[in-house]
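Below, read A as the first sequence line, B as the second, and so on, with proteins coming before strands; counting in each chain starts at 1.
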Number of protein chains: 2
Amino acid sequence: MPFSIKEASEMLGCPAHTIRYYEKEGLLPNIARDEHGNRIFEQKDLDWIKLMTCFRRTGMKVAALKQIVDLALQGESTIPQRKAILEEHQQELHRQQLELNEAFHAVNQKLSIYDGIQKGNLAPDRDLRMDEGKFH
Amino acid sequence: MPFSIKEASEMLGCPAHTIRYYEKEGLLPNIARDEHGNRIFEQKDLDWIKLMTCFRRTGMKVAALKQIVDLALQGESTIPQRKAILEEHQQELHRQQLELNEAFHAVNQKLSIYDGIQKGNLAPDRDLRMDEGKFH
DNA sequence: TTAAGCATTAAAGCGTACTTTAAGTCAAAC
DNA sequence: GTTTGACTTAAAGTACGCTTTAATGCTTAA
């Protein structure tokens, strides 16, 4: 049930150095140590790191994660603040969704212009050329 | 029809310094200049900057944009390479979509746990607690 | 004519999140 | 016994994409 940092690293697909860095930044309070001072990770620690990784990959800052941790350490009375941080991230996710949709549309349009040029030697719509061929 | 850097900046919502930086990096070849050496932007330049911004916001690197520009300057024979870069970005967009979905799920789950604690004083599912209240 | 407001350049600086390095301890394998 | 490999810490370094600074010049309105 308890894991060394190497095992944790392998299970999470995350460098051991990064895990140590997270601990140093206060994102992993109360990580147990063995008799030699080595870190011992339990499943709940791994779950929390996994969750942080999920939030980090979608742009949540280390500082925001640190805030959540600090609030959590103060007890359940801080749940409203923690909710606010998560709701802000939720909004950020919505923004990213919009940007992603926009980018999907743009890349697909661009690719079909390339296809048109390659396959049919079509004269591409002037307004969509932007960078194909020359710049003028 | 032609715009100053300030007008371009305002129309794009992008700092003039950033536009100059893009030009310096080779992302904006052949930007016209007036008799004083000031940049003159045309609609197609703005369109290209808009497209780059869309790609940048979804994680495409400046270096990749530079590659596209360099290839475009070499003519239509480089369309296969340009397609490959865009298809790679398309894959990246798919990856981001998955991460976004994962994050949506996680944040919603977390928020409903907070709601449960606040509203009904429910004992939260042990496996989903992670950081609520204490860390053990 | 002088100050405001726009432009130019090159170069240095900054924020974020790691990542790498350096220097050392410890325990088991050979 | 000594080498190997995993661990420890603190600190310096890196990558990226701007952003800011500094020094300067042109043009127009007061």
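We find that CD1 of B:Ile19 is positioned 10 Å from P of C:dA7, with the value rounded to whole Å. As a whole-Å value, the separation of A:Leu28 CG from C:dC18 P is 12 Å. The interatomic distance linking A:Leu12 (CG) with C:dC18 (P) rounds to 13 Å, in whole Å. In this structure, B:Ile49 places its CD1 atom 16 Å from C1' of D:dG17, rounding to the nearest Å. Rounded to whole Å, atom P of C:dA10 lies 15 Å from atom OH of B:Tyr21. If you take CG of A:Leu27 and C1' of C:dA17, they are 11 Å apart, rounded to a whole angstrom. A straight line from CD1 of B:Ile31 to P of C:dT8 spans 11 Å, rounded to a whole angstrom.
Taking all atoms of both residues into account, the shortest heavy-atom contact from A:Leu86 to B:Val107 is O-CG2, 3.6 Å. The heavy-atom pair separating B:Ile31 from B:Ile40 by the smallest distance is CG2-O, 3.7 Å.
Proximity of a side-chain donor or acceptor of A:Glu7 to a complementary backbone N or O of A:Ser4 within less than 3.5 Å is detected. Remark: side-chain polar atoms of A:Asp45 are paired, donor with acceptor, to backbone N or O of A:Glu42 under 3.5 angstrom.
Counting non-hydrogen atoms of other residues, nucleotides and ligands closer than 6.0 Å to CD of A:Glu87 gives a total above 12.
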Name each donor-acceptor pair under 3.5 Å that joins a side chain in residues 14-29 of chain B to protein atoms two or more places apart or in another chain, with its distance.
{"from": "B:Glu23", "atom 1": "OE1", "to": "B:Arg33", "atom 2": "NH2", "distance (Å)": "3.3"}
{"from": "B:Glu23", "atom 1": "OE1", "to": "B:Arg39", "atom 2": "NE", "distance (Å)": "2.6"}
{"from": "B:Glu23", "atom 1": "OE1", "to": "B:Arg39", "atom 2": "NH2", "distance (Å)": "3.0"}

Just list the side-chain donor-acceptor pairs under 3.5 Å for residues 58-70 of chain B, sequence neighbours left out, or say none.
{"from": "B:Thr58", "atom 1": "OG1", "to": "B:Cys54", "atom 2": "O", "distance (Å)": "3.1"}
{"from": "B:Thr58", "atom 1": "OG1", "to": "B:Phe55", "atom 2": "O", "distance (Å)": "3.0"}
{"from": "B:Thr58", "atom 1": "OG1", "to": "B:His89", "atom 2": "NE2", "distance (Å)": "3.0"}
{"from": "B:Lys66", "atom 1": "NZ", "to": "B:Asp70", "atom 2": "OD1", "distance (Å)": "3.2"}
{"from": "B:Lys66", "atom 1": "NZ", "to": "B:Asp70", "atom 2": "OD2", "distance (Å)": "3.2"}

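Distances shorter than 4.0 Å separate none of the side-chain N or O atoms of B:Thr18 from OP1 or OP2 on D:dG17. Phosphate contact (OP1/OP2 of C:dT16, side-chain N/O of A:Arg56, threshold under 4.0 Å): absent. The side chain of B:Tyr22 contributes no N or O atom lying less than 4.0 Å from OP1 or OP2 of D:dG17.
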Item checked: Letter per nucleotide, 5' to 3', of nucleotides 1-15 of chain D [B base touched, S only sugar-phosphate touched, - untouched; heavy atoms, 4.0 Å] -> -----SSBB------
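Nearer to the 5' terminus of DNA chain D, by closest-nucleotide assignment, is the contact made by B:Met60 (compared with the other of B:Met60 and B:Glu35).
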